[in-house]
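Beneath this line is the structure, given in structure tokens, with notes to follow.
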Amino acid sequence: MQPSEMVMNPKQVFLSVLIFGVAGLLLFMYLQVWIEEQHTGRVEKKREQKATSGWEPVNYLQPIPRIMTREQIRGHITNQNLKFHITEDPKGKKENLLLKSERPVRVLTKTSHSQGEDRVLGKTTGPPTIKLIAKRQGTRTVFKKFSEMKWPLDIHPLNKSLIKDNKWKETDVAQEKRRSFLQESCKKYGGVSRPQSHLFHMVSRIYVEDKHKILYCEVPKAGCSNWKRILMVLSGLASSAYNISHDAVHYGKHLKKLDSFDLKGIYTRLNTYTKAVFVRDPMERLVSAFRDKFEHPNSYYHPVFGKAIIKKYRPNACEEALNNGSGVKFKEFVHYLLDSHRPVGMDIHWEKVSKLCYPCLINYDFVGKFETLEEDANYFLQLIGAPKELKFPNFKDRHSSDERTNAQVVRQYLKDLTRTERQLIYDFYDLDYLMFNYTTPFL
């Protein structure tokens, strides 16, 4: 065959390309249909397995709200198909069920100090249907326990069997009046029958002394430093309250807080321990906090709060004040306190007692006052069976050369404020005034 005969004419080339193209397109369409059928079959098979086993994969990356009310927790557990998975107790002990199933709630707040590191929550081995039933029962049990907590918590009569003489009679009468007044005020003004904040936040300011079964809610600037010293002595950490330094009290982390326990530990202690809170006239407490934190050198409050306050509330502030935050005036501090858009958040030293200790939800068995601190504290020590030689210390924890903040000192600070500003401070602390029966200040 001659080379010229081997050359295909254009029609033949076009026809060949067309045939191969159509064949390729048909093959592609067939493969696409086959792949889809295979994929659909696998999906249907998985759905059938899921329907018979009741098992669903868990999305551990799904965001969970950081702060939830009890109703939100209930909704989350119900609506999310029990996404909280709990490892079972290998020994099957019922008494450990609350401890095991309590972890899903703790993930909303913080790591538990008393229980070590958080467990990894994951899929357990074994028949999926049985495991899912066990998980649902565990979650419902822990939530039922949490839901059944009576709010406000029941108030318990003080055990006065250890009081041997009559010298505490007037103190006892005053104590009963305070407790009754607080209860009535909460019914009238509190309007709270269910916790609006999660439990671990509510008890985060409460210190625990297990030996004498005491819960003490810390209210800064109301004798809390000396109360912590007393708790350290009662728990055996120190022999005398007078030998414990300020830093050891506040930064030593020797005392346990109630939020470091698991749900069962919190529930048990709230319902069986003697709960105490010590309060102070709100205006006195505010002025005391200002004097302590802003009128003395302070490596935290000046740069963190002072600089922000001066920057926002002092027109034409000098460079030095803006840089070091020193020299905040009481009027500027009040403007910060009353500002709904504060440049820096609240602090426990001037936060309301109603938000520190939740006295309308946690019924305190003992309500002490700073104005009668020594008398109230020593009576309380008698009630809980403290050693007879242990007395509440009366020394000033810091700046001992300064005059104690009292009504006369408070007047000197208030005179620089307008009547409106004084009224607004009272309005800010109105619940504290009402609940603890403090006299309305001169406005």
Side-chain angles (χ1 to χ4, degrees), residues 99 110-116 153 156 158-164 168 175 199-279 348 356-359 362-370 373-398:
L99 292 173
K110 57 192 290 189
T111 302
S112 170
H113 301 303
S114 63
Q115 297 298 316
L153 295 177
H156 305 292
L158 289 171
N159 180 9
K160 301 172 186 177
S161 61
L162 297 173
I163 304 297
K164 303 300 183 183
W168 301 110
Q175 184 59 220
L199 180 63
F200 294 93
H201 174 73
M202 284 169 50
V203 301
S204 63
R205 304 311 314 168
I206 297 179
Y207 285 85
V208 180
E209 202 285 288
D210 284 315
K211 184 177 179 181
H212 295 82
K213 296 187 175 181
I214 300 169
L215 297 180
Y216 162 72
C217 187
E218 174 193 31
V219 177
K221 314 312 298 178
C224 70
S225 297
N226 282 339
W227 259 117
K228 290 181 189 177
R229 289 182 171 94
I230 288 292
L231 294 179
M232 291 175 71
V233 174
L234 288 172
S235 61
L237 296 171
S239 58
S240 171
Y242 290 86
N243 299 329
I244 308 173
S245 68
H246 176 85
D247 287 352
V249 167
H250 292 285
Y251 310 119
K253 296 184 179 180
H254 302 294
L255 297 170
K256 293 177 289 185
K257 286 186 177 180
L258 192 53
D259 68 340
S260 69
F261 294 88
D262 53 44
L263 186 61
K264 183 179 180 181
I266 294 173
Y267 179 82
T268 301
R269 286 169 176 82
L270 281 174
N271 284 281
T272 58
Y273 282 24
T274 302
K275 303 177 288 292
V277 60
F278 277 71
V279 298
I348 60 171
L356 291 174
C357 299
Y358 294 90
I362 301 172
N363 274 330
Y364 288 90
D365 306 302
F366 193 94
V367 180
K369 289 193 172 184
F370 185 81
L373 179 58
E374 280 189 70
E375 184 179 345
D376 291 346
N378 288 323
Y379 176 54
F380 180 77
L381 292 175
Q382 292 285 307
L383 288 170
I384 54 95
K388 291 183 179 180
E389 64 275 10
L390 181 61
K391 304 297 180 186
F392 193 82
N394 59 2
F395 62 85
K396 200 169 184 287
D397 187 54
R398 301 180 70 188

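The model shown is predicted, which means the values in this text are computed figures rather than measured ones.
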Nearest heavy-atom neighbours spanning [X] and [Y]:
X: A386; Y: L390; answer: CB-CD2, 4.3 Å
X: I206; Y: Y364; answer: CD1-OH, 3.7 Å
X: D259; Y: F200; answer: CB-O, 3.5 Å
X: H212; Y: P387; answer: NE2-CD, 4.5 Å
X: L270; Y: V203; answer: CD1-CG1, 4.3 Å
X: I266; Y: L258; answer: CG1-O, 3.3 Å

*What side-chain hydrogen bond (donor to acceptor under 3.5 Å, both in side chains) pairs are there with at least one residue in residues 214-234, not counting sequence neighbours?*
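Of all non-adjacent pairs touching residues 214-234, those that pass side-chain hydrogen bond (donor to acceptor under 3.5 Å, both in side chains) are R205-E218, Y207-K228, E218-K228, K221-D292, S225-H250, S225-D397, N226-R229, K228-H250, R229-D397.
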_Intermediate values then yes/no, side chain to side chain contact (heavy atoms under 4.5 Å, CB included), T274 and F380_ = CA-CA 10 Å; T274 302; F380 180 77; 3.7 Å; yes
Could you measure the distance from the [atom1] atom of [X] to the [atom2] atom of [Y]? Nearest 0.5 Å is fine.
X: I214; Y: L381; atom1: CD1; atom2: CG; answer: 7.5 Å
X: I230; Y: N378; atom1: CD1; atom2: CG; answer: 8.0 Å
X: R269; Y: F261; atom1: CZ; atom2: CZ; answer: 4.0 Å

*Just grab all the salt bridge (charged side-chain N to carboxylate O under 4.0 Å, His left out) pairs involving residues 241-254, residues at least two apart or on different chains.*
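Those involving residues 241-254 do not exist here.
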*Selection residues 373-388 - residue pairs positive for salt bridge (charged side-chain N to carboxylate O under 4.0 Å, His left out), sequence neighbours left out*: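 Residue pairs passing salt bridge (charged side-chain N to carboxylate O under 4.0 Å, His left out), neighbours aside: R178-D376.
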*Is the Y379 ring parallel, tilted or perpendicular to the F366 ring (thresholds 30°, 60°)?*
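Aromatic pair Y379/F366 classed tilted.
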*Verify the neighbour count for atom NZ of K391: are there more than 12 heavy atoms of other residues, nucleotides or ligands below 6.0 Å?*
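Counting neighbours around NZ of K391, more than 12 heavy atoms of other residues, nucleotides or ligands fall under 6.0 Å, so yes.
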*Name all residues meeting the side chain to side chain donor-acceptor pair (under 3.5 Å) criterion together with K257; count only those two or more places apart in sequence or in a different chain, and write none if there are none.*
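Side chain to side chain donor-acceptor pair (under 3.5 Å) check on K257 returns nothing, list empty.
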_With sequence neighbours excluded, residues passing salt bridge (charged side-chain N to carboxylate O under 4.0 Å, His left out) with K369_ =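 If we apply the salt bridge (charged side-chain N to carboxylate O under 4.0 Å, His left out) test to K369, skipping adjacent residues, there are no hits.
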*Y273-D210 side chain donor-acceptor pair, cut-off 3.5 Å*: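 Yes, a side-chain donor-acceptor pair sits under 3.5 Å.
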*Quick one: which residue pairs count as a disulfide bond (SG atoms under 2.5 Å apart) with a foot in residues 205-277, not counting sequence neighbours?*
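Applying disulfide bond (SG atoms under 2.5 Å apart) to every pair that reaches into residues 205-277, excluding sequence neighbours, yields C217-C357.
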_If we check side-chain contact (heavy atoms from CB on, under 4.5 Å) with E209, which of these qualifies: L255, L237, L234?_
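Considering L255, L237, L234, a side-chain contact (heavy atoms from CB on, under 4.5 Å) with E209 is found only for L234.
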*With the side chain counted from C-beta on, respond yes when Y358 and H201 share a heavy-atom pair under 4.5 Å apart, and no when they do not.*
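They are in side-chain contact.
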